[in-house]
Protein chains: 2
Amino acid sequence: MSTPPRHEGEIYGTGTPTREAVDRIASRWTVLITHVLEGGPTRFNDLKNRLGVSGQVLARTLRDLERDGLVARRVYPEVPVRVEYELTSLGGTMCPVVREIRQWAELTAEAIGEARAAYDRGQRS
Amino acid sequence: MSTPPRHEGEIYGTGTPTREAVDRIASRWTVLITHVLEGGPTRFNDLKNRLGVSGQVLARTLRDLERDGLVARRVYPEVPVRVEYELTSLGGTMCPVVREIRQWAELTAEAIGEARAAYDRGQRS
DNA sequence: CCGTATCCAACTTGATACTG
DNA sequence: CAGTATCAAGTTGGATACGG
């Protein structure tokens, strides 16, 4: 008596592992951070400046990524301290996916903009 | 004297077309809806039940997708009315990307769960 | 059946200030 | 330099009720 899912929502339902994995990779910051880290280990402020994100948000996102085993954090006990982040081997598996996401976005950004303009034009009578 | 971007944030900065495209595809609902629509035209309530999402959110997401030219809306003037949604050809270009996102999520969900458990174990002394 | 209008809870983002 | 704490503001998700 197996109980096959009635809804796709069950396998991707809130709180399921696959849903959380989707949420992780389908996140603006994960995509952008992974893109930078693909170039090698990167320091906190470096990441911050390259992405133009607030320190708050960056710190939280990096902690989440570290928690999920996707990013490794390395502290060099110098003065002042230096901290570098890099992709783990698990995190490296995101690279092809992220690359496709970015490619799709760049390729279709213009068409989407036009569709949006046309839609908005048609809405206001 | 071209002025190459100093920040990656410039090309993916808030409000830029590429950033909006990333946000569109890197969204939980886009991924799930596209996955269902890949199977052919689907009715509103069908989508709602399969995904386990509230009607409110589904309606908003579908309208946004239609506005971006990714999804087409077809109304059959029956009683009661029947409405079907399907991917446009532009929307169809999301399929390979979405498929990769889902595959990655399913493949790594377990590893991520373990990493998370290990991390949480190490945090509380 | 297919939405929209309203209202509300929860989460996200960011600015600022402060610690090691 | 690398964070954390706190607070303010915006966005998202959902429940419910009602209109086409």
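Letters go in sequence order (proteins before strands), and every chain restarts at 1.
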Inset, instruction - Name the closest nucleotide to the F44(A) side chain, picking from dA2(D), dG3(C), dT13(C). - result: dA2(D)

Legend entry - Between dG3(C) (P) and N49(B) (CG): distance, integer Å: 14 Å

Inset, instruction - With heavy atoms under 4.0 Å as the rule, sort V53(A) into base, sugar-phosphate or nothing. - result: sugar-phosphate

Inset, instruction - State the CG-CG distance between L70(B) and L65(B), to the nearest 0.5 angstrom. - result: 6.0 Å

Legend entry - Side chain proximity check, E100(A) to W104(A), heavy atoms < 4.5 angstrom: no

Legend entry - Nucleotide nearest S54(A) when distance is taken to its side chain, options dA15(C), dC1(D), dG13(D): dA15(C)

Inset, instruction - For R43(A), report the nucleic acid contact type (base, sugar-phosphate, nothing); a contact means any heavy atom under 4.0 Å. - result: sugar-phosphate

Legend entry - Length of the line joining R74(A):CZ and dG3(D):P, which is rounded to integer Å: 15 Å

Inset, instruction - Round to the nearest Å and state the distance from E78(B) atom CD to dC2(C) atom C1'. - result: 13 Å

Inset, instruction - Report the nucleotide, chosen from dT13(C), dC2(C), dT4(D), that has the shortest atom-to-atom distance to any side-chain atom of A59(A). - result: dT4(D)

Legend entry - Atom pair distance, as rounded to whole Å: CG in L62(B) and C1' in dT4(C): 14 Å

Legend entry - Nearest-nucleotide pick for R60(B), side chain only, options being dT13(C), dG14(D), dC1(C): dG14(D)

Inset, instruction - Can you tell me the distance, in whole Å, between the CZ atom of R19(B) and the C1' atom of dT13(C)? - result: 11 Å

Inset, instruction - Verify the contact: side-chain N or O of R73(B) to OP1 or OP2 of dG3(C), cut-off strictly under 4.0 Å; return yes or no. - result: yes

Inset, instruction - Kindly say if R63(A) contacts the phosphate of dT4(D), meaning a side-chain N or O under 4.0 Å from OP1 or OP2. - result: yes

Inset, instruction - Begin with the C-alpha distance, continue with both residues' side-chain angles, and end with the deciding distance and a verdict on salt bridge (charged side-chain N to carboxylate O under 4.0 Å, His left out) for R19(B) and D23(B). - result: CA-CA 6 Å; R19(B) 164 64 173 271; D23(B) 283 353; 3.4 Å; yes

Legend entry - Nucleotide dC1(D), atom P - distance to CG of N45(A) in whole Å: 5 Å

Legend entry - Sub-4.5 Å side-chain heavy-atom contact between R63(B) and Y119(A): yes

Inset, instruction - In whole angstrom, give the distance that lies between atom OH of Y76(A) and atom C1' of dG3(D). - result: 18 Å

Inset, instruction - Using heavy atoms to find the nearest nucleotide of DNA chain D for Q56(A) and R28(A) separately, return the residue whose nucleotide is more 5′. - result: Q56(A)

Inset, instruction - Give Y85(B) one of three labels, base, sugar-phosphate or nothing, depending on what nucleic acid heavy atoms sit under 4.0 Å from its own. - result: sugar-phosphate

Legend entry - E66(A) CD - dA2(D) C1' separation (whole Å): 13 Å

Inset, instruction - Could you tell me whether the phosphate oxygens of dT12(C), OP1 or OP2, come under 4.0 Å of any side-chain nitrogen or oxygen in W29(A)? - result: no

Inset, instruction - Indicate yes or no: does E84(B) engage R73(B) in a salt bridge with an N to O separation below 4.0 Å. - result: no

